[in-house]
Student: 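Before we start, here is the structure in question, set down as structure tokens.
In the text below, chain A, chain B and the rest are named by the order of the sequence lines, each starting its count at 1.
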Protein chains: 2
Amino acid sequence: MSASQQKHDVFHAIADPTRREILKLLSEKELAISEITSHFPISRTAISKHLRILTEAELVSGRKVGREKIYWLHPEPLKELKHWLAFYEKF
Amino acid sequence: MSASQQKHDVFHAIADPTRREILKLLSEKELAISEITSHFPISRTAISKHLRILTEAELVSGRKVGREKIYWLHPEPLKELKHWLAFYEKF
DNA sequence: TTAATATAAAACCATTTGGTTTCGTTTTTT
DNA sequence: AAAAAACGAAACCAAATGGTTTTATATTAA
């Protein structure tokens with residue numbers, strides 16, 4: 001692994017099905033952590049950890065609003081995935 | 001997780017950088033395990049485990065030829081990834 | 001026939017992963 | 001002012017991950 005690589009890349013971030021579901025939810029509208037959690041059978045803390053990994057991959061961003069933290073989708077890094085995939089289109 | 005999901009899906013298979021490099025090598029030509037191993041600083045056993053995960057995701061196939069096992073690329077499952085990605089193109 | 005090559009399988013190990021519970025802080029509601 | 005809501009951080013845990021070494025087996029080469 002090269003040193004320039006960030007800790008959690010896009011490939012790793014989307015490997016988990018829960019994280020992919022979070023991305024899908026956020027594609028509709030921005031949501032607070034508790035709202036995201038209400039869609040899953042796991043704890044808010046677990047969702048928070050997934051959000052941290054998605055944030056490190058720069059697939060989501062979050063801002064504090066009052067006592068809530070609102071997350072929204074940031075799909076640009078998926079371009080890396082698209083580019084990687086394009087190489088295999090010729091086969 | 002749905003019950004219909006196989007143990008190692010494409011998303012998981014491509015999450016590891018070594019496995020992505022193996023796919024790239026196999027995109028040029030089919031290779032025996034030892035030939036693949038010669039491109040990496042890790043053991044043949046470790047490469048074999050990666051090949052098993054890639055096989056479960058149906059991204060590669062292997063056949064025994066004499067004492068060698070030859071692996072080749074099987075890119076069809078990447079279509080699932082492409083389809084998943086397409087959803088996010090609109091953003 | 002003996003040695004070397006290519007692999008498989010198993011046991012083992014440290015670290016990461018994906019989850020939990022608990023506790024504390026800030027903000028809003030009553 | 002007190003209670004409730006939303007969150008962060010820390011400690012903890014079992015299982016998975018990505019690697020190793022060792023041992024055994026089949027095939028090819030000398």
Student: Identify whether A:Phe11 and B:Ile53 are in the same connected component of the hydrophobic contact network (ILVMFWY, side-chain heavy atoms under 4.5 Å).
Tutor: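 No.
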
Student: Please list, in numerical order, the residues of residues 38-52 of chain B that have a heavy atom closer than 4.0 Å to any atom of DNA chain C.
Tutor: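 B:Arg44, B:Thr45, B:Ser48, B:Lys49, in order of number.
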
Student: In whole angstrom, what separates B:Ile33's CD1 from D:dT25's C1'?
Tutor: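 Between C1' of D:dT25 and CD1 of B:Ile33: 15 Å.
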
Student: Below 4.0 angstrom from OP1 or OP2 of D:dA16, is there any side-chain N or O of B:His8?
Tutor: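 For D:dA16, OP1/OP2 do not have a side-chain N/O of B:His8 under 4.0 Å.
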
Student: Please check the phosphate of D:dA16 (OP1 and OP2 only) for any side-chain N or O of B:His12 closer than 4.0 Å.
Tutor: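 Indeed not, no polar side-chain atom of B:His12 lies that close.
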
Student: Would you kindly give the CD1-to-C1' distance between B:Ile53 and D:dA16, to the nearest whole Å?
Tutor: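 Interatomic distance, CD1 of B:Ile53 to C1' of D:dA16: 10 Å.
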
Student: Roughly how far, to the nearest 0.5 Å, is the CG atom of A:Leu25 from the OH atom of A:Tyr71?
Tutor: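 Interatomic distance, A:Tyr71 OH to A:Leu25 CG, rounded to 0.5 Å: 14.5 Å.
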
Student: For A:Ile14 and C:dG18, what is the distance between atoms CD1 and C1' respectively, to the nearest whole Å?
Tutor: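 Checked: the CD1 to C1' distance equals 18 Å.
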
Student: Do A:His12 and A:Arg19 come close enough that some side-chain heavy atom pair is under 4.5 Å?
Tutor: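 Yes, close enough: below the 4.5 Å cut-off.
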
Student: For the pair A:Tyr88 (side chain) and B:Lys24 (backbone), establish whether a donor and an acceptor sit closer than 3.5 Å, ignoring hydrogens and angles.
Tutor: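 Pair found, side chain donor or acceptor close to backbone of B:Lys24.
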
Student: Does A:Glu35 pair with A:Lys29 as a salt bridge, N-O distance under 4.0 Å?
Tutor: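 Salt bridge absent between A:Glu35 and A:Lys29.
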
Student: So if I take residues 61-71 of chain B and measure heavy-atom distances to DNA chain C, which residues fall below 4.0 Å?
Tutor: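 Result for residues 61-71 of chain B: B:Arg67, B:Glu68, B:Lys69, sorted by number.
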
Student: Do A:Leu54 and A:Trp72 share a hydrophobic cluster (ILVMFWY, side-chain heavy atoms under 4.5 Å, transitive)?
Tutor: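 Different clusters: A:Leu54 never reaches A:Trp72 through Ile, Leu, Val, Met, Phe, Trp or Tyr contacts under 4.5 Å.
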
Student: With distance as the sole test, does B:His74 use its side chain to make a donor-acceptor pair with the main-chain N or O of B:Glu58 at under 3.5 Å?
Tutor: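 Judged by distance alone, yes, a pair lies under 3.5 Å.
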
Student: Between atom CZ in A:Phe11 and atom C1' in D:dG18, what is the gap in whole Å?
Tutor: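 One finds 19 Å between C1' of D:dG18 and CZ of A:Phe11, rounded.
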
Student: Taking atom CG of B:Leu51 and atom CG of B:Leu31, what is their separation to the nearest 0.5 Å?
Tutor: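 Taking CG in B:Leu51 and CG in B:Leu31, the distance rounds to 10.0 Å.
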
Student: I need the CD-P distance between A:Glu35 and D:dA5, as an integer number of Å.
Tutor: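 In whole Å, D:dA5 P lies 15 Å from A:Glu35 CD.
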
